[in-house]
S.K.: 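This structure is in structure tokens; I'll ask about it shortly.
Only a predicted model underlies this, so the values are computations on that prediction, with no experimental measurement involved.
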Amino acid sequence: MCESFGFNMRTMTNTSLKILLLLATLSLSFSSAEAKSVTLSKATLMDKIRGGWAGQTIGCAYGGPTEFCYRGIMIDDSISIGYPEHHLQYFYDRVPSLFDDIYMDLTFVDVFNRLGLDAPVDSFATAFAYAKYPLWHANQAGRYNIQHGVMPPASGHWKNNPHADCIDYQIESDFAGLMSPAMPNTASLISDRIGHIMNYGDGWYGGVFIGAMYTQAFISNNVLDIVRQALKTIPKKSKFHHCISDVLKWYGENPDDWKRTWQLYNDKYSEDVGCPELVLEPGNIDATMNSAYVVMGLLFGHGDFGKTIEIATRCGQDSDCNPSSAGGILATMLGYSNIPESWMPNLREVEDRPFAHTTMSLRDATDAVYQLALQQIQRYGGKIEGDRVIIKSQHPRAVRLEQSFPDMTPRLLAKDIMHLGENATAAQNTISFVGKGIAVYGNVRCSDANYVARLEVSIDGRVDRIMQLPAAFLRRTADVVYWNYDLPDAPHTISFRLLNPQDGVDIQARKIIGY
């Protein structure tokens, strides 16, 4: 039992995971025989990086009003998706948290700026864990872990992070590709370090894949080729690879009907396993599904910017982040100067404004990543000659195989609001089930933002751990009051006891999932 952290770390240590990551890093090295030179003008490099940031921002705001409004259903053509005057400015002013996928990117860019390309992973982890912006799902779970002493890569591992397969690193991996033009393996090295702060398995692969697509967008004008080349960075035996491969197959069978591919995908892959909020629900924030929607936008958009972000949005689910990724990748391929003018007036209104909780604007992000890209190009064998850059492009290679929640099948044990702790009934404080894992989706309700509930959890009559459950939104456990995926496959009884009751405190459990 580890009371101060609220975790059982018997199954996974930082040391063992760091050894695995070191071995993986060595395996990502590439031979010079695989490299060929690609030459871009500095102006083109800058234009593509600027396009990547612009495309993300436009796509995010375009899909913003629909985010998670369409779960398991597509947005019908009869429903208009608007892009009115001052649309981006509205979200900057009224809903700045919409841009979480961008201000997370900028946090990591800022660390690179301050500490260089070899900045330690703990610096990235600490920067976002103690930032003042709101986070959700795997990001918030990783933040909670770090604030309680569980550092990367353990902070993203599925036994410590119930949201390990969620979309989080996927939506904030753009920077890794934008600073690694034509160098997918270099982007994978960055993603290996930073992506495991909050994700593992398919959640990590989402970021590896998106980053790799950005790297290919610098050197290809064919979206199908961009997707195919990026998919080479994902192990063939992974679920993620199977999902995207199926999208490619269905696209090949009928390249003009995205709705057919959407339906085939959802029929086969719609069920989630991990995320306690959305498992066994119509909603799905898994990186595999949302990466598939990004790919659908890119492929069926056929290089048209507006059509690309519209399809990625109409696929539903995380329908601001998906058009953001698709728009960013396509706009990198096209370049800032080739984004259709109809999309640009709204962007120009905000591109000099810092994003919430940061000091960086879109122009600042472009300048910073351009300089980082020049450093990366030289570090990995390229050259800068006058007004051009010569890049040693890399043949994409697969990262290691890792899978979250292996052989875990979820089933619903209880739903609707239950109350755990001091004032609950005996029945609500005890759960009996047969299985090898459990997750309790819920949170602490308390007007005192400084309150931290200490919830004692016992399994089969023995104390397993004492969960530290902050009431403050920025410090919460990502809305999971208890989880354990390491139980013997057998009958179990789990009981809860609040050690520090206080007037007005309510620990709500809205859903309990057994495995």
Side-chain angles (χ1 to χ4, degrees), residues 21 24-25 28 52 56 60 100-109 111-112 121 124-125 128 135-143 152-153 155-158 161 163-180 183-217 226-227 229-235 238-241 243-244 274-275 285-295 298 318 321-322 324-326 328-329 332 369 396-404:
L21 289 178
T25 298
L28 283 169
Q56 286 181 69
C60 184
D100 57 330
D101 40 350
I102 300 176
Y103 58 59
M104 283 292 295
D105 274 89
L106 298 183
T107 297
F108 302 136
V109 170
V111 173
F112 275 122
V121 69
F124 297 100
F128 103 91
L135 294 173
W136 296 267
H137 292 267
N139 278 331
Q140 181 59 30
R143 165 186 274 175
S155 55
H157 192 270
W158 65 276
N161 189 326
H163 298 278
D165 278 342
C166 290
I167 195 175
D168 300 65
Y169 183 62
Q170 174 184 316
I171 71 174
E172 58 216 28
S173 61
D174 315 73
F175 75 97
L178 287 171
M179 63 186 280
S180 309
M183 297 181 288
N185 304 324
T186 297
S188 292
L189 288 173
I190 296 171
S191 292
D192 203 359
R193 297 166 60 211
I194 298 177
H196 283 103
I197 293 172
M198 68 293 289
N199 284 104
Y200 185 87
D202 290 339
W204 174 51
Y205 291 149
V208 172
F209 179 61
I210 293 292
M213 284 198 285
Y214 272 99
T215 70
Q216 299 306 293
I226 287 171
V227 174
Q229 291 300 314
L231 188 56
K232 292 178 181 179
T233 63
I234 308 301
S238 66
K239 173 189 173 184
F240 192 98
H241 195 286
C243 291
I244 304 302
C275 174
I285 197 170
D286 190 278
T288 53
M289 171 169 281
N290 290 284
S291 280
Y293 290 170
V294 172
V295 171
L298 287 167
D318 201 345
C321 294
N322 297 333
S324 178
S325 296
I329 292 162
T332 302
V369 172
R397 296 183 59 176
V399 298
R400 70 184 174 284
L401 178 66
E402 57 182 48
Q403 205 72 51
S404 306

S.K.: Can you sort out the partners of Ser173 under side chain to side chain contact (heavy atoms under 4.5 Å, CB included), two or more places apart, ordered by chain and number?
M.R.: Tyr169, Ile210

S.K.: So, the side chain of Asp101 versus the backbone of Glu172: is there a donor-acceptor pair under 3.5 Å, distance only?
M.R.: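 Answer holds: no.
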
S.K.: What is the distance from atom NE2 of His137 to atom CG of Asp165, rounded to the nearest 0.5 Å?
M.R.: 13.0 Å

S.K.: Ignoring hydrogens, what is the shortest heavy-atom contact between Pro235 and Val399? Give both atom names and the distance.
M.R.: CG-O, 3.1 Å

S.K.: With Tyr214, which residues qualify under side chain to side chain donor-acceptor pair (under 3.5 Å), at least two apart?
M.R.: Asp174

S.K.: How would you list, by chain and number, every residue that makes a side chain to side chain contact (heavy atoms under 4.5 Å, CB included) with Asn290, sequence neighbours excluded?
M.R.: Ile167, Gln170, Tyr293, Gln317, Asp318, Asn322

S.K.: Is any side-chain heavy atom of Tyr205 closer than 4.5 Å to a side-chain heavy atom of Asp202?
M.R.: yes

S.K.: Identify, with sequence neighbours excluded, every residue that meets side chain to side chain donor-acceptor pair (under 3.5 Å) alongside Ser238.
M.R.: none

S.K.: Restricting to ring pair (Phe, Tyr, Trp, His ring centres under 6.0 Å), what partner residues turn up for Phe209, sequence neighbours left out?
M.R.: Phe240

S.K.: Mind checking whether Trp204 and His196 have parallel, tilted or perpendicular rings, split at 30° and 60°?
M.R.: tilted

S.K.: Rounded to the nearest 0.5 Å, what separates atom CD1 in Ile171 from atom SG in Cys166?
M.R.: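 Separation between the atoms: 10.5 Å.
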
S.K.: Going by heavy atoms in the side chains, are Val109 and Met179 under 4.5 Å from each other?
M.R.: no

S.K.: Which heavy-atom pair separates Arg193 from Val121 by the least distance, and what is that distance?
M.R.: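 Looking at all heavy atoms of both residues, the closest pair is O-CG2, 3.2 Å.
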
S.K.: Taking the side chain as C-beta and beyond, is there a heavy-atom pair between Leu178 and Gln56 under 4.5 Å?
M.R.: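 Of all side-chain heavy-atom pairs linking Gln56 with Leu178, at least one is under 4.5 Å.
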
S.K.: Residues in side chain to side chain contact (heavy atoms under 4.5 Å, CB included) with Ser180, at least two apart?
M.R.: Met183, Thr186, Ala187, Ile190, Thr215, Gln376

S.K.: Start with the C-alpha distance between Arg400 and Asp192, add both sets of side-chain angles, then the distance that settles side-chain contact (heavy atoms from CB on, under 4.5 Å), and finish with yes or no.
M.R.: CA-CA 10 Å; Arg400 70 184 174 284; Asp192 203 359; 3.3 Å; yes

S.K.: So which atom in Ala326 and which in Leu298 form the shortest heavy-atom distance, rounded to 0.1 Å?
M.R.: O-CD2, 3.6 Å

S.K.: Could you grab the distance from atom CE of Met213 to atom OG1 of Thr332, nearest 0.5 Å is fine?
M.R.: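 It comes to 11.0 Å.
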
S.K.: With rounding to the nearest 0.5 angstrom, report the OG to CZ distance, Ser155 to Arg143.
M.R.: 13.0 Å

S.K.: I'd like to check the ring pair (Phe, Tyr, Trp, His ring centres under 6.0 Å) partners of Phe128; sequence neighbours left out, ordered by chain and number.
M.R.: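 Here no residue qualifies.
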
S.K.: Quick one: pull up CH2 in Trp158 and NE2 in His163 and give me the separation to the nearest 0.5 Å.
M.R.: 15.0 Å

S.K.: Do you know which two heavy atoms are closest between Ala217 and Ile226, and how far apart they sit?
M.R.: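 What the structure gives for the nearest pair is CA-CD1, 3.8 Å.
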
S.K.: Would the distance check show the side chain of Asp105 and the main-chain N or O of Phe175 forming a donor-acceptor pair, the cut-off being under 3.5 Å?
M.R.: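 Pair found, side chain donor or acceptor close to backbone of Phe175.
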
S.K.: With rounding to the nearest 0.5 angstrom, report the CE to CG distance, Met198 to Asn161.
M.R.: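 Those atoms lie 9.5 Å apart.
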
S.K.: Below 4.5 Å, heavy atoms only, C-beta onward: do Ile234 and Ile244 meet side chain to side chain?
M.R.: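 No, too far: nothing below the 4.5 Å cut-off.
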
S.K.: Would you say the side-chain atoms of Asn139 pair up with the backbone N or O of Asp168, donor to acceptor, closer than 3.5 Å?
M.R.: no

S.K.: Taking all non-hydrogen atoms of both residues, which atom of Ala287 and which atom of Gly206 are closest, and how far apart?
M.R.: CB-CA, 4.3 Å

S.K.: Please identify each residue that fulfils side chain to side chain donor-acceptor pair (under 3.5 Å) with Gln216, with sequence neighbours left out.
M.R.: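 Testing Gln216 for side chain to side chain donor-acceptor pair (under 3.5 Å), a comparison that skips the adjacent residues, returns none.
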
